[in-house]
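Following: one structure in structure tokens, then a few remarks.
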Protein chains: 2
Amino acid sequence: MTEPPAHSIWLRPERAARGPVPTFDRDRIAAAGVALADTDGLPAVTMRAVADALGAGPASLYRYVATRDELLELMIDRVNGEISYTELGSGVWLDDLLALARQSRSVHLAHPWLLDATATGTPVGPHAVTYLEHALTALADLDAAPRTKLEAIAILNAVIAALTRAEVTRRLTGQTIPQWQRAQAEYLTRIATAGRHPHLAAALAGQTPGSEDSTEALFDRIVTRVLTGLLGPDDLATPPRS
Amino acid sequence: MTEPPAHSIWLRPERAARGPVPTFDRDRIAAAGVALADTDGLPAVTMRAVADALGAGPASLYRYVATRDELLELMIDRVNGEISYTELGSGVWLDDLLALARQSRSVHLAHPWLLDATATGTPVGPHAVTYLEHALTALADLDAAPRTKLEAIAILNAVIAALTRAEVTRRLTGQTIPQWQRAQAEYLTRIATAGRHPHLAAALAGQTPGSEDSTEALFDRIVTRVLTGLLGPDDLATPPRS
DNA sequence: ATTTACTGCGATCGATGTTCGCAGTCCAGG
DNA sequence: CCTGGACTGCGAACATCGATCGCAGTAAAT
């Protein structure tokens, strides 16, 4: 009766009661995975690669992790631990959430693979729970249903992800690596100028690549507007329709 | 000198000038992939599965598609073609974008795998361009920079995806399929009630599972608030900070 | 000391994306 | 009408990946 632990990895004890002392631990494994992903991207994080980055055999990892997705969960939670909460506690919920968003953004920029890793609806690890708790703390004085607050936080995270993804791809576009971005741009302009898409053509033509806003300022502005739209007073939600 | 076409699939001609008439075409392949994904999920869409759903050999697909990701692009574009634009043209940009968002939502609900397929920053196909054009048309009379409009649309799409993902997982939670949702809920409540997370505990306790709003009404309300926050008048963005 | 439970891991399985080469098919140009 | 070149379908195979199995060694519990 060796019922396998169908639980989440966070509910499973890290060390067993009996048996030899393990050579590694979850932290070292997660660190190795993060290092690999940071330098060579998510696809480079294979079980074998992580294993012999640790100097272990290919099958040894399965003593610590039930599946590759659990390894990704460890990695995600590890970089979520890099978030700092020292700038919170301003007393203004919008400022606190903005600080939180900035922290999340910088983590995503430092670990671009995080965007792909969290893209599939991944369960939340301990550090994500800490993040959630701080966000709810920031909203404690706000008069809104808990459900509304949780939804606002979820949407904030989605917006952060979208903005950061655009930023990452924009950063890579200037470099040498990518191929499909060129193809997409060529395709877009070709389609737009081939008639039948006048507004798109105008929008693409109206792009002024130089003299952009500071990326941080733009990020702040958009996050601010989304948050005020979501959590601001009710009369903002029924605007100039008239 | 058989330089392979490094272009996007949308820039590549579907049929060759010479040679035998192909047995299949991109539409049929995309349809087969969509059918497979609809019934058994995205992982079921393997090259072999699609091939012999079509009655073809495993390697024949590569005459139509350079890689599996291109097959996914075909599938994505195909379901994007299910979007209807008949309810647009109200003259009020918010109503038009809301109608667009509703259409996008229903497509995502009809094809849940779309969430995972578009999660990785995928290039846009012809039908996505049509979608973009309609969104820009709705915003034509609005006084804002093209860049702002494009960003607002991108964020709207991200919000739609987040809301729809929550809806899909909520729908599956009631059923038999998933395992990790239970584990996650158990983990969340255990963590929250184990102290150190008072606001989370309060928020989870404050959930009233019965008497929820209509999902459509909630969707409309959130999308409306996000859009007015993003594209509404400027004085909304500097709120009760006082 | 014996039992029990765990660890590291070589070998291996099954599945998947993709490539190669060949035989057959169809169109363009003469 | 014919012929050459280009394309098609596809069986076979390759590389790689996630995951499993079983065994020898080790540490704690009894």
Side-chain angles (χ1 to χ4, degrees), chain A residues 1-6 9 12-26 28-29 32-33 36-37 40-75 113 116-117 120 179-180, chain B residues 1-6 9 12-26 28-29 32-33 36-37 40-75 113 116-117 120 179-180:
Chain A
M1 181 158 138
T2 341
E3 184 65 20
I9 189 175
R12 218 181 307 144
E14 168 142 20
R15 282 212 44 186
R18 286 201 261 289
V21 26
T23 313
F24 314 103
D25 56 80
R26 289 179 183 170
R28 284 192 56 188
I29 293 177
L36 270 175
D40 294 327
L42 245 208
V45 183
T46 69
M47 298 303 263
R48 294 171 223 266
V50 174
D52 64 53
L54 253 46
S60 303
L61 290 184
Y62 289 94
R63 293 290 172 192
Y64 303 86
V65 145
T67 176
R68 192 186 105 109
D69 283 340
E70 281 195 358
L71 169 63
L72 293 188
E73 274 197 67
L74 289 184
M75 294 167 53
W113 50 267
D116 298 318
T120 73
Q179 318 156 334
W180 62 273
Chain B
M1 180 156 141
T2 343
E3 185 63 24
I9 189 174
R12 218 181 306 143
E14 168 142 22
R15 282 211 45 185
R18 283 198 262 288
V21 27
T23 314
F24 314 103
D25 55 81
R26 290 178 183 170
R28 283 193 57 188
I29 294 178
L36 270 175
D40 294 327
L42 244 208
V45 182
T46 69
M47 299 303 264
R48 292 170 223 267
V50 173
D52 64 52
L54 252 46
S60 304
L61 290 185
Y62 288 93
R63 293 291 173 190
Y64 303 86
V65 145
T67 177
R68 192 186 104 108
D69 283 340
E70 280 195 359
L71 169 62
L72 294 188
E73 275 196 68
L74 289 184
M75 293 167 53
W113 52 266
D116 298 317
T120 73
Q179 318 155 333
W180 61 273

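Rounded to a whole Å, the CZ atom of F24(B) is 15 Å from the C1' atom of dT25(C). Computed from coordinates, the R15(B) CZ to dA28(C) P distance equals 10 Å when rounded to whole Å. In this structure, the CZ atom of R28(B) is 11 Å from the P atom of dG9(D), given to the nearest Å. Regarding M47(A), its CE atom lies at a distance of 19 Å from the P atom of dT16(C), rounded to whole Å. A straight line from CG of D25(B) to C1' of dG9(D) spans 16 Å, rounded to a whole angstrom. Put simply, CG on D69(B) is 16 Å from P on dT16(C), counting in whole angstrom units. Remark: P of dC17(D) and CG of L36(A) are 12 Å apart, rounded to the nearest angstrom. Rounded to an integer number of Å, the gap from L72(A) CG to dC17(D) P is 14 Å.
The shortest non-hydrogen separation linking L54(A) to R28(A) is CD1-O, 4.1 Å. The two atoms that bring P58(B) and R48(B) nearest to each other are CB-CG, 4.1 Å, heavy atoms only.
Against DNA chain D, the stretch residues 54-61 of chain A makes heavy-atom approaches under 4.0 Å through A59(A).
Closest contact between the side chain of Y64(A) and the listed nucleotides dG9(D), dT7(C), dA13(D) involves dT7(C). When the nucleotides dC10(D), dC17(D), dC6(C) are ranked by their closest atom to the side chain of R48(A), dC17(D) comes out on top. Residue T46(B) places its side chain closer to dG17(C) than to any other of dT7(C), dG9(D), dG17(C). With distances taken from any side-chain atom of T23(B) to the nucleotides dT7(C), dG9(D), dG17(C), the minimum falls on dG9(D).
For E14(B) (side chain) and R26(B) (main-chain N/O), a donor-acceptor pair under 3.5 Å exists by modelled atom type. At least one donor-acceptor pair closer than 3.5 Å links the side chain of R68(A) to the backbone N or O of V45(A). Within the 3.5 Å criterion, the main-chain N or O of I29(A) finds no donor-acceptor partner in the side chain of Y64(A).
Not a single donor-acceptor pair, N or O on each side, falls under 3.5 Å between the base of dG18(D) and the side chain of R68(A).
For the pair Y62(A) and dG8(C), the criterion of a side-chain N or O lying under 4.0 Å from OP1 or OP2 is not met. Here R18(A) does not reach the OP1 or OP2 of dA27(D): none of its side-chain N or O atoms lies under 4.0 Å away.
Considering OG1 of T23(B) and CZ of R63(B), their distance stands at 11.5 Å, rounded to 0.5 Å. Note that CG of L61(B) is 7.0 Å distant from CG of L71(B), once rounded to the nearest 0.5 Å.
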